Every structure is written in C-alpha cells, then in structure tokens.
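A quick write-up on the structure given underneath.
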Amino acid sequence: MMAFSRLFDRITHAMHVISGAILVSMMFITLADVLARALFKATGGSVDLTFIGGVELIKYGLLLMVVFALPYSVGRSQVIVDLFTENLSSRMKAWLEGLYMLGFVMLGGGMSYRFYHAIGQAEMSGETTQDLLIPLSYLYAITSFATAFLALAALLISIRLFFFRKEVHQS
C-alpha cells in the first residue's frame with residue numbers, strides 16, 4: 001500500500017508541475033496576444049501579428065491547469081477552523097477530515113464519469129473547439145483522467161486518515 005501511495009504521490013506531483021507549466025504558458029500566450037494587438041493598433045493595421053485562438057488556449061488551459069493541480073493540492077490546501085474542533089481528539093479530527101475528503105472523492109468521481117461520457121458524445125458528433133478546431137473528445141479525455149486522479153487522491157487521503165494514526169500529509 002505504501003509503495004502504491006508513494007508512486008501515486010509522485011504522479012500527482014508531476015501533474016502539479018504540469019499545471020504550473022500550463023499557468024506559465026497561459027501568461028505568455030496572454031502577453032503575446034496583448035502585445036500583438038497593441039502593435040496592430042499602433043501601426044494602424046499595417047503590421048498584423050495577431051493570432052486566432054488565444055482566448056481558446058487560455059480557456060482550455062485554465063480548465064487543464066485547475067484539474068491537474070487539484071489531485072496534488074486536495075490534501076495539502078484544506079484549512080481547518082479550530083473553532084468547532086478544538087475540543088475534539090486528534091483521532092476525531094482525522095476522522096472528520098477523512099469524511100470531508102470523501103466529498104472530494106464524490107466530486108472527482110462524478111466529474112470524471114461525466115467527462116468520460118462526454119468523450120463519446122464529442123466523438124460521435126465530431127465536436128471541435130471553435131477557433132483551433134481541436135477535437136473536444138481529446139480535452140474531455142484529459143479532463144476525465146485528471147478528475148479521476150482527484151477522486152483517487154482524495155480516497156487515498158481518506159483511507160490514510162481513517163486507518164493510519166501517523167501524519168498523513170507529506171510536503
């Protein structure tokens with residue numbers, strides 16, 4: 001179990017790094033789009049370096065950035081307010097946090113299930129993105145994979161919290 005857990009943590013960390021790379025690329029795409037439009041306006045349209053699909057790249061990049069960041073971050077970014085839990089034992093706090101993580105299991109599982117079915121619908125209809133004509137089935141498949149990893153990551157955290165007494169979160 002621990003070897004699987006460490007492997008899974010490495011995979012989710014790699015997804016987190018990919019998420020960061022997507023964020024940086026979104027920044028450069030936005031910068032290039034703004035500069036190209038400013039140059040177009042400043043030259044009265046004689047220099048046209050504008051490109052189609054910048055908004056679309058940002059839109060789908062944001063989706064992928066978020067779903068790739070969630071599996072790694074779900075157990076590390078939860079804030080616990082001690083107002084209600086200060087008198088509870090550490091075991092009871094862990095149990096409540098594990099129960100809370102089961103909500104992320106349901107969220108990730110439901111999203112993954114829905115995106116999985118959207119893959120087939122997009123393939124049958126041949127649906128693509130508006131400007132770049134990227135098949136939406138590809139985007140849905142990647143999103144389904146990432147949300148399935150969210151569900152699995154939250155499930156592993158819940159299992160650790162329910163059945164193991166030592167510290168769950170590793171940096």
Side-chain angles (χ1 to χ4, degrees), residues 5-81 97 100-101 103-123 125-158 160 168-171:
S5 183
R6 280 193 300 272
L7 174 65
F8 194 81
D9 287 343
R10 286 187 179 137
I11 292 170
T12 58
H13 184 264
M15 290 173 70
H16 193 71
V17 169
I18 291 168
S19 174
I22 292 171
L23 178 63
V24 170
S25 67
M26 287 170 45
M27 179 192 66
F28 283 119
I29 290 167
T30 303
L31 179 65
D33 192 33
V34 168
L35 290 176
R37 289 174 192 266
L39 182 63
F40 180 78
K41 185 178 179 182
T43 61
S46 62
V47 177
D48 186 9
L49 298 176
T50 59
F51 54 94
I52 296 174
V55 172
E56 209 167 79
L57 287 172
I58 299 302
K59 175 179 159 181
Y60 293 111
L62 182 61
L63 168 69
L64 295 178
M65 183 203 63
V66 169
V67 297
F68 269 65
L70 282 174
Y72 181 77
S73 303
V74 69
R76 292 168 175 80
S77 62
Q78 302 307 315
V79 177
I80 298 172
V81 179
E97 188 178 354
Y100 178 72
M101 284 295 142
F104 283 102
V105 173
M106 292 188 298
L107 175 70
M111 288 173 63
S112 183
Y113 176 79
R114 182 60 193 108
F115 278 113
Y116 178 75
H117 284 288
I119 295 168
Q121 292 172 349
E123 283 178 348
S125 68
E127 191 176 5
T128 62
T129 60
Q130 183 176 349
D131 296 332
L132 299 175
L133 302 177
I134 300 168
L136 282 178
S137 59
Y138 296 167
L139 294 170
Y140 293 156
I142 294 168
T143 305
S144 181
F145 165 80
T147 53
F149 260 73
L150 168 63
L152 287 173
L155 182 62
L156 279 176
I157 292 169
S158 289
R160 290 176 196 164
V168 174
H169 306 293
Q170 298 172 356
S171 297

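Both backbone and side-chain heavy atoms feed into the values below; hydrogens, waters and symmetry mates do not. Worth saying up front: this structure is predicted, and the values here are computed from it rather than measured.
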Quiz item: What about F68 and F149, are their ring centers closer than 6.0 Å?
Solution: no
Quiz item: Can you tell me how far OG1 of T128 sits from CG of L136, rounded to the nearest 0.5 angstrom?
Solution: 6.5 Å
Quiz item: So I22 and Y60, side-chain contact (heavy atoms from CB on, under 4.5 Å) or not? Walk me through it.
Solution: CA-CA 10 Å; I22 292 171; Y60 293 111; over 6 Å; no
Practice problem: Flag the pair L139 / L63 as yes when at least one side-chain heavy-atom distance between them is below 4.5 Å, and no otherwise. | Solution: no
Practice problem: Please report the shortest heavy-atom distance between L62 and M26, naming the atom on each side. | Solution: N-SD, 3.5 Å
Quiz item: What are the two closest non-hydrogen atoms of I157 and G75, and how far apart are they?
Solution: CD1-CA, 3.4 Å
Exercise. Would you mind reporting whether D33 and L57 have side-chain heavy atoms less than 4.5 Å apart?
Key: no
Quiz item: With a 4.5 Å limit on heavy-atom distance, are the side chains of E123 and Y140 in contact?
Solution: no
Self-check item: Nearest heavy atoms of V74 and M101, plus distance in Å
Solution: O-CE, 3.4 Å
Exercise. Enter the distance from D9:CG to L156:CG here, rounded to the nearest 0.5 Å.
Key: 7.5 Å
Exercise. Please confirm whether the backbone N or O of A141 pairs with a side-chain atom of S144, one donor and one acceptor, at under 3.5 Å?
Key: no
Quiz item: Is a donor on one side and an acceptor on the other found under 3.5 Å between the side chain of T12 and the backbone of P71?
Solution: no
Quiz prompt | More than 12 heavy atoms of other groups within 6.0 Å of I52 CD1 | solution = no
Quiz item: Quick one: does S19's side chain have a donor or acceptor within less than 3.5 Å of a partner on M15's backbone?
Solution: no
Quiz item: Are any side-chain N or O atoms of T147 and backbone N or O atoms of S112, one a donor and one an acceptor, separated by less than 3.5 Å?
Solution: yes
Practice problem: Could you tell me whether a side-chain N or O of S73 sits under 3.5 Å from a main-chain N or O of L70, the two making a donor and an acceptor? | Solution: no
Self-check item: Heavy atoms of other groups near Y113 OH, more than 12 under 6.0 Å
Solution: no
Quiz item: Donor-acceptor pair, E127 side chain versus Q121 backbone, under 3.5 Å?
Solution: no
Quiz item: In Å and rounded to the nearest 0.5 Å, what is the CD1 to CD1 distance from I58 to I29?
Solution: 5.0 Å
Quiz item: Taking atom OH of Y116 as the centre, does the number of heavy atoms from other residues, nucleotides or ligands within less than 6.0 Å exceed 12?
Solution: no
Exercise. Please tell me if the side chains of F40 and L49 come closer than 4.5 Å, counting only heavy atoms from C-beta onward.
Key: no
Quiz item: Which pair of heavy atoms, one from D131 and one from E56, lies closest together, and at what distance?
Solution: N-OE2, 2.7 Å
Exercise. Kindly compute the distance separating NE2 (H16) from CD1 (I18), expressed to the nearest 0.5 Å.
Key: 11.5 Å
Exercise. Output the distance between atom CZ (R114) and atom CD1 (I119), rounded to the nearest 0.5 Å.
Key: 10.5 Å
